[in-house]
Structures are given as C-alpha cells and as structure tokens.
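Encoded as structure tokens, the structure appears first; notes follow it.
Nothing fancy with the numbering, it's 1 onward along the sequence.
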Amino acid sequence: MSILVTGGAGYIGSHMVWALLDRGEDIVVVDNLSTGFRWAVPDSVPFVEGDFGDEPLMDELIETHKVTAIIHFAAKIVVPESVSDPLGYYLNNTSKARNLIACAVRRGVKHFIFSSTAAVYGEPKRTPVHEDDPTQPINPYGRSKLMVEQMLADTAHAHDLRYVALRYFNVAGADPKGRTGQSTPNATHLIKVAVQAALGHRKGMDVFGTDYPTPDGSCVRDYIHVSDLVAAHADALRYLRQGGQPLTCNVGYARGYSVFDVIEVVKRVSGVNFPVKISARRAGDPAIIVADNERAREQLGWIWQHDDLETIVRQALEWEQRLHNRQTALI
Ligand code: UDP
C-alpha cells in the first residue's frame, strides 16, 4: 500500500514527501523535473522521472507500488504565464489530470487529493471567501484547476472514488528543519522575489499595481506556511481513509497582507532596505483574496502552527541562502 505523489520533487510536493516519510507512510514519487529537483526527494523514496499524464506509465506504477491514494501536486502555477500560454495550462493542468483520474478509476485507487487554488474564485464578492461562493476565475490558471474540481465531482458521483480538493491560498516559507524549500530558479511569487532582493540575488523588485481598491492600493493575499498546507493534506488523507465524502476546502489563515506589508516584513527580518519600484498591474491579479477556513478546521480537523509572517519570511530567507550556497558550491 503506498501513496503516489505527483510533483513530489517540487516545492510543496517535496514538503509533503518529507511529512509522509516522517509519518512512516510508503510513497512513490512521479515528477518530470520540469521545475522540480531530483535532490529534493529523499533517496529512500522510489522516484520515477516521467509524466503524470502518461496513462500506461501511471497504470504500471499504481500496480507495481499497490497505490491506494494519489496526492496530485504536479502543475503549472504561474498566473501571468497562464495568460500568455493558456493551452499549455489546459494541457498540463486539465487534460493530463483527466488521464490521471482515469488511471485511478481503472486501477481502483479510491482516494485522491487535489491541489486546487484560490484562483478558482476570481475576484471574490466578499472577504473572507467561502467555498460555496461563486467560482468565476479571471485567468486560465484558475479555470484549468476549476475544471479538474468539476471532473473530480462528476467522477466521484459515477465511480468509487472519493477526493478532497484543497484550494490553496498563497503558499510560502520552507521546511522548519531546513530539508527543502522553494527552489525554482525563476520563481515569480512575491515572498520568494522579495527574499532574493534582500539577499542581493536580484537588484530589487517591483510592486505590480498600487491602484487596487485596498487599504494601501496593493493586492492583499492570505500567505500560508507550506508546512501548515502539507498538514492539511495529511488531515485530508486521514479523512478519506475514515470514509469521508468528497470535499472542497480552502486552506489559508483567514487574514490578509498587502504586497507592501510583505515587503516591509522582509526588509525588517533581513535588515536590508532593497530597492522597490512601483510598476503597472500584472495580468490576471485579483485585488483581495483571503480564506474562510472554517470547513478545513471542522471537517478535516486542520490545526495550523506557523501562522506568523515573520517566521514564514525568516525560513524563506534561510532556505534561499542555503540554496544559493549549494548552487555556488556546485559551480
Ligand atoms: N507581486 C508583486 N511583485 C512581485 C511578485 C508578486 O507585486 O515581484 C504581487 C502580485 O502582483 C500579487 C501578489 O504579489 O498581487 C502575490 O503574487 P504571487 O505571484 O506571489 O501569487 P498569486 O497571488 O499570483 O498566486
């Protein structure tokens, strides 16, 4: 009996793999290493370099490793890139997910945990946003994920498959034990970019839009520590194993920080006053998105431990420095 983790060499997936190992679970990882790293997966974990949308490969893997649950992380996740390359997003995030779900049904895998996103809400009508609020994504990334939620709901209705779709808010930080972190070289996410600016790994950074209807004009997001997000997956797995019915849950802390708030914390924690330029809005960005997390607390029993932006930033800084040292040592 093992758990198939797609994208297990990536940022969130590698944290999940460590957490599952810590719990003594059997795991198999599939990752095409497009953005992940082989070194991010511990040597003791079976690793297959390949495509999660490759049905014969997934069929074989599910059989060989007696897979009973799939945690599906592998995806393209950059909102502006989804605007310029929608078909790439629909292929990777939607069509290939359909293949993986088909393999799960065919091979009798009954538990499926899906990495969805707050981007399914688009521009929410209220804040914090609740799972039953309208889903009207404003970018192809959000639509590519929403379609998978819909596929899962229809599949669970027709077949013996139960799932939890977790709608991630803004994931940041790194493993408190320093084993893994956000390692993508050209990552575009705010905390990663700000931390790189603080360490002098980039010249400075831009604030994309200061004319949003928010207190300081910059966008507001709900930043959640990656270890707390991973804990929600472990809770979802327990929930499904105990017979839980299909469920869609927000995973965020229910409080928002603006882009300027985040930059201020990164400057304070790092002690570096790096250059910040005000720039035009970025395509596809909603103004405010903050989670209502009652359902995850009540249905999954989710409890978080790292709800502190300073801690998130400190660990992101430590990881970025470690990553830089590692890359310098390899040159
Ligand atoms: N952002 C920014 N400068 C950057 C990166 C991001 O101003 O270098 C803003 C971005 O426009 C958005 C917020 O930070 O308002 C969070 O963006 P991110 O890419 O981290 O996550 P998203 O919310 O798009 O998933």
Side-chain angles (χ1 to χ4, degrees), residues 12 71-98 100-101 112-158 161-171 189 212-214 219-224 229 232-233 235-236 239-240 244-256 281-300 302:
I12 304 168
I71 309 184
H72 177 40
F73 290 102
K76 287 173 170 277
I77 57 158
V78 180
V79 168
E81 186 186 51
S82 80
V83 176
S84 58
D85 178 26
L87 295 178
Y89 274 66
Y90 292 128
L91 172 63
N92 202 73
N93 293 2
T94 315
S95 304
K96 289 185 183 180
R98 181 249 159 237
L100 182 66
I101 296 166
F112 199 101
I113 300 175
F114 174 57
S115 305
S116 190
T117 169
V120 298
Y121 295 112
E123 204 62 84
K125 300 280 172 297
R126 62 170 172 167
T127 188
V129 64
H130 186 272
E131 289 87 348
D132 295 332
D133 287 352
T135 45
Q136 290 167 335
I138 58 170
N139 52 57
Y141 170 62
R143 282 188 278 275
S144 73
K145 290 279 186 173
L146 182 58
M147 282 189 256
V148 180
E149 286 193 12
Q150 291 164 336
M151 256 193 290
L152 281 168
D154 291 339
T155 306
H157 189 67
L161 175 130
R162 285 173 295 114
Y163 71 91
V164 175
L166 297 174
R167 291 179 177 163
Y168 302 175
F169 283 65
N170 286 61
V171 189
H189 291 295
Y212 286 97
T214 60
C219 290
V220 171
R221 297 285 183 273
D222 187 337
Y223 294 91
I224 167 176
L229 179 72
H233 292 71
D235 294 333
Y239 168 89
L240 290 171
Q245 290 306 302
L247 190 69
T248 299
C249 285
N250 290 339
V251 196
Y253 293 142
R255 53 113 191 82
R281 288 185 180 199
R282 203 177 64 170
D285 277 342
I288 303 184
I289 183 134
V290 173
D292 178 321
N293 60 20
E294 189 182 339
R295 187 180 290 176
R297 286 187 278 120
E298 303 219 324
Q299 300 279 325
L300 301 181
W302 181 54

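- Nearest approach of Pro246 to Ala156, heavy atoms of both residues: CG-CB, 3.9 Å.
- Between Pro140 and the options Leu87, Val83, Asp85, a side-chain contact (heavy atoms from CB on, under 4.5 Å) holds for only Val83.
- Remark: side-chain polar atoms of Arg295 are not paired, donor with acceptor, to backbone N or O of Cys249 under 3.5 angstrom.
- For the pair Tyr90 (side chain) and Arg143 (backbone), a donor-acceptor distance under 3.5 Å is absent.
- Here His233 and Phe73 bring their ring centres to under 6.0 angstrom of each other.
- Summarising the geometry of Gly284 relative to Ile138, their closest heavy-atom pair is O-CD1, 3.7 Å, with the distance given to 0.1 Å.
- The CD1 atom of Ile71 sits 12.0 Å away from atom CD1 of Ile12, with the distance rounded to the nearest 0.5 Å.
- The main-chain N or O of Gly142 is never found under 3.5 Å from a side-chain atom of Thr117 such that the two would form a donor-acceptor pair.
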Sequence neighbours left out, cut at 3.5 Å: what donor-acceptor pairs do the side chains of residues 119-128 make with other protein atoms?
{"from": "Tyr121", "atom 1": "OH", "to": "Arg167", "atom 2": "NH1", "distance (Å)": "2.8"}
{"from": "Tyr121", "atom 1": "OH", "to": "Asn250", "atom 2": "OD1", "distance (Å)": "2.6"}
{"from": "Glu123", "atom 1": "OE2", "to": "Ala287", "atom 2": "N", "distance (Å)": "2.9"}
{"from": "Arg126", "atom 1": "NE", "to": "Asp133", "atom 2": "OD1", "distance (Å)": "3.2"}
{"from": "Arg126", "atom 1": "NE", "to": "Asp133", "atom 2": "OD2", "distance (Å)": "2.9"}
{"from": "Arg126", "atom 1": "NH2", "to": "Asp133", "atom 2": "OD1", "distance (Å)": "2.7"}

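- Put simply, the side chain of Ile101 does not reach to within 4.5 Å of the side chain of His72, judged on heavy atoms.
- Between the OH atom of Tyr168 and the CD1 atom of Ile224 there is a distance of 9.5 Å, given to the nearest 0.5 Å.
- Within the 3.5 Å criterion, the main-chain N or O of Leu91 finds no donor-acceptor partner in the side chain of Thr94.
- For the pair Asp285 and Tyr212, the minimum side-chain heavy-atom distance is below 4.5 Å.
- Annotation: the span from Leu152 atom CG to Ile113 atom CD1 amounts to 11.5 Å, rounded to 0.5 Å.
- Atom CD of residue Gln150 and atom NZ of residue Lys145 lie 14.0 Å apart, to the nearest 0.5 angstrom.
- With rounding to the nearest 0.5 angstrom, the OG1 atom of Thr248 is 5.0 Å from the CD atom of Glu149.
- For Val220, the side chain to side chain contact (heavy atoms under 4.5 Å, CB included) partners at least two apart in sequence or on another chain are Thr214, Ser258, Ile288, Val290.
- Listed by chain and number, the residues in a side chain to side chain contact (heavy atoms under 4.5 Å, CB included) with Arg255 are Asp222, Tyr253, Tyr257, Asp307 (sequence neighbours excluded).
- Not a single donor-acceptor pair under 3.5 Å links the side chain of Tyr141 to the backbone N or O of Pro80.
- Once rounded to the nearest 0.5 Å, the distance linking CG of Asn93 with OG of Ser116 reads 10.0 Å.
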